[in-house]
Participant: 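Below you will find the structure I want to go over with you.
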2 protein chains.
Amino acid sequence: MPPTANGQSQADVEPVASCAPHDVLTHLGDKWTILVLSMLAQAPDNRARFSEIKHGVRGISQRMLTLTLRMLERNGIVSRHYFPEVPPRVEYQLTSMGKSMLHPIEVFTSWIKENWPAMEQARGAYDAAASVSS
Amino acid sequence: MPPTANGQSQADVEPVASCAPHDVLTHLGDKWTILVLSMLAQAPDNRARFSEIKHGVRGISQRMLTLTLRMLERNGIVSRHYFPEVPPRVEYQLTSMGKSMLHPIEVFTSWIKENWPAMEQARGAYDAAASVSS
DNA sequence: CCGAATCCAAATCGATACTG
DNA sequence: CAGTATCGATTTGGATTCGG
């Protein structure tokens, strides 16, 4: 998708996403991001150290946690605090923008929890129908 | 992740996601899903045919649209209506569950639009700082 | 303890070609 | 028109290793 030296008028049907959400969703919508943010949402003062997050989000590898946190830091969602102690300590905290993101996330995860049973049932019905037509 | 034969029960801190959201997010949070749903949100009666969706969500390949729609159908988010005409016609429509998902999506995309400038700025600052320390 | 870097297997996606 | 099938390129992610 070339940036298009767009004049402006694409009068007819506007493309669903102008591009901004498109790109953000690719990064923010991935498997681990929401889980990491949910973990920080529960943490006291929205702050936790690396190993605490890793422990809280089970199944995440060190690599993915590092990558996820770095991306979030780059986007201004979390801030990184390094304490040059022995042993070293690194804490991550939600920024004000990060905190403002909590509401959308909460709305979304609530919807999921509420609709999860219906989705499981739908999957069962779909798969049953599919195996009949085989 | 093998169940770990380690003696220590780490059952104290509940894992952020019991697993349900975890799995749903992997599929529902991907790049195309939100865009397809946003497209259907705008469509009259929340209903559109395959080619209309493909046209509305620019950049999506036929393959990805098929996969996305099938996943949404399987989860009960959209329903598929096949008309055995010549030429064939297939329409997809949001189910009531699909419609209920529109609000969470709207909340999320609104947040993105609102915070996009701040995120761009944060990225600029981060990258500038990173290039200094090189 | 934190996390960067390398290696490598596996999943994803886009383009193309083909079917009813 | 609305898919399905296949293939190659790219991306992703886990395991491991090393360094501060």
Side-chain angles (χ1 to χ4, degrees), chain A residues 1-2 22-23 25-36 39-40 43 47-74 78-93 126 129-130 133-134, chain B residues 1-4 22-23 25-36 39-40 43 47-74 78-93 126-127 129-131 133-134:
Chain A
M1 208 174 3
H22 184 290
D23 222 43
L25 280 167
T26 306
H27 299 292
L28 258 44
D30 92 305
K31 195 160 66 175
W32 299 119
T33 303
I34 309 286
L35 295 176
V36 168
M39 197 281 173
L40 283 174
R47 164 196 288 259
R49 47 191 303 181
F50 188 89
S51 50
E52 287 174 336
I53 304 175
K54 186 166 180 345
H55 180 248
V57 183
R58 284 178 215 175
I60 194 171
S61 65
Q62 196 173 44
R63 176 189 149 87
M64 289 318 294
L65 181 53
T66 299
L67 289 176
T68 301
L69 286 171
R70 205 154 306 302
M71 185 268 289
L72 289 172
E73 186 194 359
R74 193 170 101 99
V78 304
S79 56
R80 181 179 186 271
H81 304 279
Y82 176 73
F83 300 90
E85 307 167 353
V86 182
R89 185 169 104 247
V90 180
E91 294 189 349
Y92 294 88
Q93 183 174 31
Y126 182 93
S133 65
S134 63
Chain B
M1 201 175 17
T4 73
H22 183 289
D23 221 43
L25 280 167
T26 306
H27 298 293
L28 258 45
D30 92 305
K31 196 160 69 174
W32 300 119
T33 302
I34 309 286
L35 295 175
V36 167
M39 196 280 173
L40 283 174
R47 165 196 287 259
R49 49 191 300 181
F50 188 88
S51 50
E52 287 173 336
I53 304 175
K54 185 166 181 342
H55 181 249
V57 183
R58 283 176 216 177
I60 194 170
S61 65
Q62 195 173 40
R63 175 189 148 88
M64 288 318 294
L65 180 53
T66 299
L67 290 175
T68 301
L69 286 170
R70 213 157 296 306
M71 183 270 288
L72 289 172
E73 186 195 358
R74 192 169 102 99
V78 305
S79 56
R80 182 179 185 272
H81 305 278
Y82 177 73
F83 301 90
E85 308 168 353
V86 182
R89 186 169 104 248
V90 180
E91 293 189 350
Y92 293 88
Q93 184 174 31
Y126 182 93
D127 293 346
S131 61
S133 65
S134 63

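Per chain, numbering begins at 1; letters A, B, ... match sequence-line order. Both backbone and side-chain heavy atoms feed into the values below; hydrogens, waters and symmetry mates do not. Quick caveat, the model's predicted, so the values are computed rather than measured.
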Participant: How many whole angstroms separate atom CE of B:M64 from atom C1' of D:dG3?
Facilitator: 15 Å
Participant: Let me spell it out: for each of B:G59 and A:F50, pick the nucleotide of DNA chain C with the closest heavy atom. Which residue's pick is nearer the 5' end?
Facilitator: A:F50
Participant: Could you give the NZ-to-C1' distance, from A:K54 to C:dC2, as a whole number of Å?
Facilitator: 12 Å
Participant: CD of B:E52 versus C1' of D:dG3: gap in Å, rounded?
Facilitator: 17 Å
Participant: What I'd like to find out is whether the side chain of A:M39 reaches to under 4.5 Å of the side chain of A:Y92, using heavy atoms alone.
Facilitator: no
Participant: Have a look at B:E85 and say if it touches a base, only the backbone sugar-phosphate, or nothing, with a 4.0 Å heavy-atom cut-off.
Facilitator: nothing
Participant: Of the listed nucleotides (D:dA2, D:dT17, D:dT4), which one gets closest to any side-chain atom of B:T66?
Facilitator: D:dT4
Participant: Taking all atoms of both residues into account, what is the closest heavy-atom pair of B:R58 and B:W32, and its distance?
Facilitator: O-CZ3, 4.4 Å
Participant: Classify A:F83 by what it touches in the nucleic acid, base, sugar-phosphate, or nothing, heavy-atom distance under 4.0 Å.
Facilitator: nothing
Participant: Using the salt bridge (charged side-chain N to carboxylate O under 4.0 Å, His left out) rule, collect all pairs that involve residues 81-90 of chain B, keeping only residues at least two apart or in two chains.
Facilitator: B:E85-B:R89, B:R89-B:E91
Participant: Just to confirm, is there a sub-4.0 Å distance from OP1 or OP2 of C:dC2 to any side-chain nitrogen or oxygen of A:R49?
Facilitator: yes
Participant: Rounded to whole Å, please give me the gap between CD in A:Q62 and P in D:dT17.
Facilitator: 13 Å
Participant: Identify the heavy atoms of B:L65 and B:F50 that sit nearest to each other, and give their distance.
Facilitator: CD2-O, 3.7 Å
Participant: Could you tell me whether the phosphate oxygens of C:dT16, OP1 or OP2, come under 4.0 Å of any side-chain nitrogen or oxygen in B:R63?
Facilitator: no
Participant: Side chain of B:R70, heavy atoms from C-beta onward: which of D:dT17, C:dC1, D:dT4 has the nearest atom to it?
Facilitator: D:dT4
Participant: On the nucleotide C:dG3, are OP1 or OP2 found under 4.0 Å from the side-chain N or O atoms that A:Y92 carries?
Facilitator: yes
Participant: If I take atom CD1 in residue A:I60 and atom P in nucleotide C:dC2, what distance separates them, rounded to the nearest angstrom?
Facilitator: 14 Å
Participant: Once you round it to whole Å, what is the distance between P of C:dG3 and CD of A:E91?
Facilitator: 11 Å
Participant: Between atom CG in A:L65 and atom C1' in C:dC2, what is the gap in whole Å?
Facilitator: 10 Å
Participant: Please evaluate residues A:V36 and A:V78 with respect to the criterion side chain to side chain contact (heavy atoms under 4.5 Å, CB included), reporting the C-alpha separation (whole Å), side-chain torsions for both, the decisive distance (0.1 Å), and the verdict.
Facilitator: CA-CA 11 Å; A:V36 168; A:V78 304; over 6 Å; no
Participant: Any salt bridge linking A:R49 with A:E52? Criterion: basic side-chain nitrogen under 4.0 Å from a carboxylate oxygen.
Facilitator: no
Participant: Using five base pairs at each end, measure the axis-to-axis angle across the helix from C:dC1-D:dG20 to C:dG20-D:dC1 and round it to 10 degrees.
Facilitator: 40°
Participant: Over how many whole Å does the gap from B:L67 atom CG to D:dG3 atom P extend?
Facilitator: 11 Å
Participant: Which residue in the set B:L67, B:T33, B:L40 passes side-chain contact (heavy atoms from CB on, under 4.5 Å) when paired with B:L72?
Facilitator: B:T33
Participant: Phosphate oxygens OP1/OP2 of C:dC2: is one of them under 4.0 Å from a side-chain N or O of A:S51?
Facilitator: yes
